[in-house]
Amino acid sequence: MTDTTDAPAQPARAGHSRLGWALVVISVAQLMVVLDGTITNIALPYIGADLAIEPANLSWLVTGYALAFGGLLLLGGRLGDLYGRRRVFMVGLLVFALASLLGGVAQNEAMLLASRGLQGLGAALASPAALALITTTFPAGPQRNRAFAVYAAMSGAGAAVGLILGGWLTGHADLFGLGIDGWRYTFLINVPIGVAAAVAAPFFLPESETHSGWLDVPGAITGTLGLLGVVYGLTRAGEEAHGWGDTWTIASLVAGVALLVVFLVIESRVEHPLLPMRIFRNRTRASSFVAMMIAPAAMFAMFYFLSLTIQQVIGYSPLQAGFAFLPFSVGIVIGAGLSSNLVARVDPRFLAGTGTLVAAFSLFMFSLIDIDTSAGNVVSQLAQDSTAGEGYNYFAHILPWIFTMSIGMGLTFVPLTLTAVHHLRNEDSGIGSGVLNTMQQVGGALGLATLSTVALSVVNDRAATVTPQLAEAAGAAGIDVAIEQGQGFLQAAVFQATFSEGATDAFRIGAFMMLAASLVIWTQLRVKHTELATDGPEGAAVHV
């Protein structure tokens, strides 16, 4: 069957001389949005100490951003379709810059949490507009392929860049001689970048057409609250203190799913829906959305478990851990560049299918990380103020798979992004980009929650077995676990002896998740490479 939907009106393209600068503006904005998900992670202890924030509440500085970002993406995408993507892109960047300024000068917990939520709103406005602007600014073919390659590289490398930049900025309280607490720079650095990108946008980015209709307010409310409920529930489920059985976890997930059901009913009945159901009718596009939910789920979980293993078990400092992920940034640029060059000659399913297989293999190799967690070694290392994995060879056993993982993700993201938004109606490009970004956010939260549950189960089982052995080894080393200091030592020893076991199981399940994404790609992604070089009617010549 073929979908014979009328052709969308073709947007005006920017001149060739401006395309390079247009890509710079879009890429800088996307990098800023993505890296802000991790740049504050390393600064959390410093923020907590400076603003007297309870450790249990610090995680909300990360969760609050993710909730606002993931929950508002559909709304942001639709606003761009209705009122102009460049305009919404600029508003999003300015909101993000303002929120970053508020975070940088925050004097208390409430002010900082509010700034993170406002950053999420700015990101939700800017990110889908940025992706849609690539479609409307760059003509189909090599130029658009290269633009998507850069976009994918920025999206994939942002997390690693955030870890490095966050560690460096946090450690420089005397930067520029201003005497500002280092963690504040992780917010303030966004201000000039966001403002500069917003100011440059009118010079290099053409405005998209505005479209008639009005904003679907009931759909916006139910869709946004539903996504907030699901993302919050999944995030809470992934936290050790709560888990899947927690009352608020269950209530949030049930309420979120119920609201999304109501949202879908509303969308099927209103004249101008927030989320037109027609964008899911094309099997190629629908399978791209599914694959782009599963693959990032495994990738984001890899960042989480591997970064904790490198820091807390192998003993790297936060900044060293950030640099340990630098090869990921390099590899995803290489993979994305290779993919953008090949996608004009090779069908997307072969590129993305191969990329997910390479990523699955890399995750499996992470599951083979073999750290000596015997009771004797753990106690001996901790007694010397070291860690169980002290001296573990990062270059031989971790670096190769970080690099191959990034190559695989680079090969995957470019063709899937192209197939997810290609041949959308012009008036649906923004919401299509919003759906794609939402899939990534929800997939990341789902992956982390699922794999955290797997890891926690393994850790608890292992702890029940190893705790007596550690107590015996500690006693033999002259450490009295009956006193408070000794109990603290025993708790640290249990973590050292169990965490890597849970992490390796999580990597193994992550590999199966990546294989599931690969299966979807190989069996459902049928679009030909020749079609990606055209700007025709939605679904024309696409087998569904």
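This is a predicted model, so every value here is computed, not measured.
For the pair Val459/Glu501, no side-chain contact is recorded, criterion being any heavy-atom separation below 4.5 Å from C-beta on. A heavy-atom distance below 4.5 Å is found between the side chains of Gln119 and Asn190. For the pair Met32 and Leu93, the minimum side-chain heavy-atom distance is below 4.5 Å. Considering only heavy atoms from C-beta on, Leu264 comes within 4.5 Å of Met277 through its side chain. Within the 4.5 Å cutoff, no side-chain heavy atoms of Met299 are placed close to those of Met513. Residues Gln312 and Phe495 have side chains in contact (heavy-atom distance under 4.5 Å, counting atoms from C-beta outward). Within the 4.5 Å cutoff, side-chain heavy atoms of Leu436 are placed close to those of Leu131. No side-chain heavy atom of Ile314 sits less than 4.5 Å from a side-chain heavy atom of Tyr394.
Between Leu351 and Pro415, the shortest heavy-atom contact is CB-CG, 4.0 Å. Taking every heavy atom of both residues into account, Ala291 and Leu416 meet most closely at CB-CD1, 3.9 Å. Of all non-hydrogen atoms in Ala506 and Ala455, the two that sit nearest each other are CB-CB, 4.4 Å. Taking every heavy atom of both residues into account, Ala123 and Pro128 meet most closely at O-CD, 4.0 Å. Nearest heavy-atom pair across Pro276 and Arg78 is CG-NH2, 3.9 Å. Closest approach of Val414 and Ser339 over heavy atoms only: CB-OG, 3.6 Å.
Partners of Ser317 under the side chain to side chain donor-acceptor pair (under 3.5 Å) rule, at least two apart in sequence or in another chain, are Gln320. With sequence neighbours left out, Ser362 forms a side chain to side chain donor-acceptor pair (under 3.5 Å) with Thr404. Applying the side-chain contact (heavy atoms from CB on, under 4.5 Å) test to Gln491 and every residue at least two apart in sequence or in another chain returns nothing. Every salt bridge (charged side-chain N to carboxylate O under 4.0 Å, His left out) that Asp50 has, sequence neighbours left out, goes to Arg184. Looking at residues two or more places apart in sequence or on another chain, you find no salt bridge (charged side-chain N to carboxylate O under 4.0 Å, His left out) involving Asp216.
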Discussion item. Before you tell me yes or no, could you show the steps for Phe289 and Val520 under side-chain contact (heavy atoms from CB on, under 4.5 Å), namely the whole-Å CA-CA distance, both residues' side-chain angles and the distance that decides it to 0.1 Å?
Written reply: CA-CA 10 Å; Phe289 287 150; Val520 170; over 6 Å; no
Worksheet entry | side-chain contact (heavy atoms from CB on, under 4.5 Å) between Leu306 and Phe328, worked out | CA-CA 12 Å; Leu306 193 59; Phe328 188 93; over 6 Å; no
Discussion item. Quick one, Phe366 with Phe305, criterion ring-ring contact (aromatic ring centres under 6.0 Å, His included). Give me CA distance, side-chain angles, the key distance, then yes/no.
Written reply: CA-CA 10 Å; Phe366 286 134; Phe305 287 104; over 10 Å; no
Fill in: Step-by-step side-chain contact (heavy atoms from CB on, under 4.5 Å) determination, Thr373 to Thr498
CA-CA 7 Å; Thr373 56; Thr498 59; over 6 Å; no
Practice prompt. I would like to know whether Leu525 and Ser288 meet side-chain contact (heavy atoms from CB on, under 4.5 Å); could you show each step before the answer?
Written response: CA-CA 7 Å; Leu525 202 65; Ser288 299; 3.3 Å; yes
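Although no hydrogens or angles enter the test, the distance criterion places no donor-acceptor pair under 3.5 Å between the side chain of Arg116 and the main chain of Gly64. In this structure a side-chain-to-backbone donor-acceptor pair under 3.5 Å is present from Asp81 to Gly430. Under a 3.5 Å cut-off, the side chain of Tyr151 and the backbone N or O of Thr417 do not form any donor-acceptor pair. In this structure, the side chain of Thr450 does not engage the main chain of Gly447 through any donor-acceptor pair within 3.5 Å. When atom types are taken as modelled, the side chain of Gln496 and the backbone of Ala388 share a donor-acceptor pair closer than 3.5 angstrom. With Thr356 contributing its side chain and Ala352 its backbone, the two residues share a donor-acceptor pair below 3.5 Å. Using a distance-only test at 3.5 Å, with no hydrogens or angles considered, no donor-acceptor pair links the side chain of Thr224 to the main chain of Ile221. A donor-acceptor pair under 3.5 Å links the side-chain atoms of Ser367 to the main chain of Phe364, judged by distance alone. Side-chain N or O atoms of Thr387 include one that pairs as donor or acceptor with a backbone N or O of Val313 at under 3.5 Å. Panel note: side chain Ser252, backbone Thr249; no donor-acceptor pair is recorded below 3.5 Å.
Note that the CG atom of Leu326 and the CG atom of Leu399 stand 10.0 Å from one another [nearest 0.5 Å]. From Leu260, atom CG reaches atom CG of Leu227 across 5.5 Å, with rounding to the nearest 0.5 Å. Between atom OG of residue Ser268 and atom CG of residue Leu275 there is a gap of 11.0 Å, rounded to the nearest 0.5 Å. Summarising the geometry, atom CG belonging to Leu51 is positioned 7.5 Å from atom CD belonging to Gln107; distances are rounded to the nearest 0.5 Å. For the atom pair Ile398 CD1 and Thr309 OG1, the distance stands at 7.5 Å (nearest 0.5 Å). Rounding to the nearest 0.5 Å gives a distance of 5.5 Å between CZ of Phe69 and CG of Asn437.
Around atom CZ of Phe512, no more than 12 heavy atoms belonging to other residues, nucleotides or ligands sit under 6.0 Å away.
Residue pairs meeting the salt bridge (Lys or Arg N to Asp or Glu O under 4.0 Å) criterion with at least one partner in residues 243-268, sequence neighbours excluded, are Arg236-Asp246.
Exactly one residue among Leu451, Leu363, Thr453 makes a side chain to side chain contact (heavy atoms under 4.5 Å, CB included) with Ile509. That residue is Leu451. For the pairing with Ser127, the side chain to side chain donor-acceptor pair (under 3.5 Å) check across Gln441, Gln30, Gln440 returns one residue only, Gln30. With Phe325 as the fixed residue, the ring-ring contact (aromatic ring centres under 6.0 Å, His included) test singles out one of Phe403, Tyr316, Phe303, Tyr304: Phe303.
When only modelled atom types and interatomic distance are considered, Thr284 and Gln524 share no side-chain donor-acceptor pair under 3.5 Å.
Ring-plane geometry between Tyr392 and His397 is classed as tilted, the angle between the planes lying from 30 to 60 degrees on a 0 to 90 degree scale.
Aromatic ring centroids of Trp401 and Phe361 lie under 6.0 Å apart.
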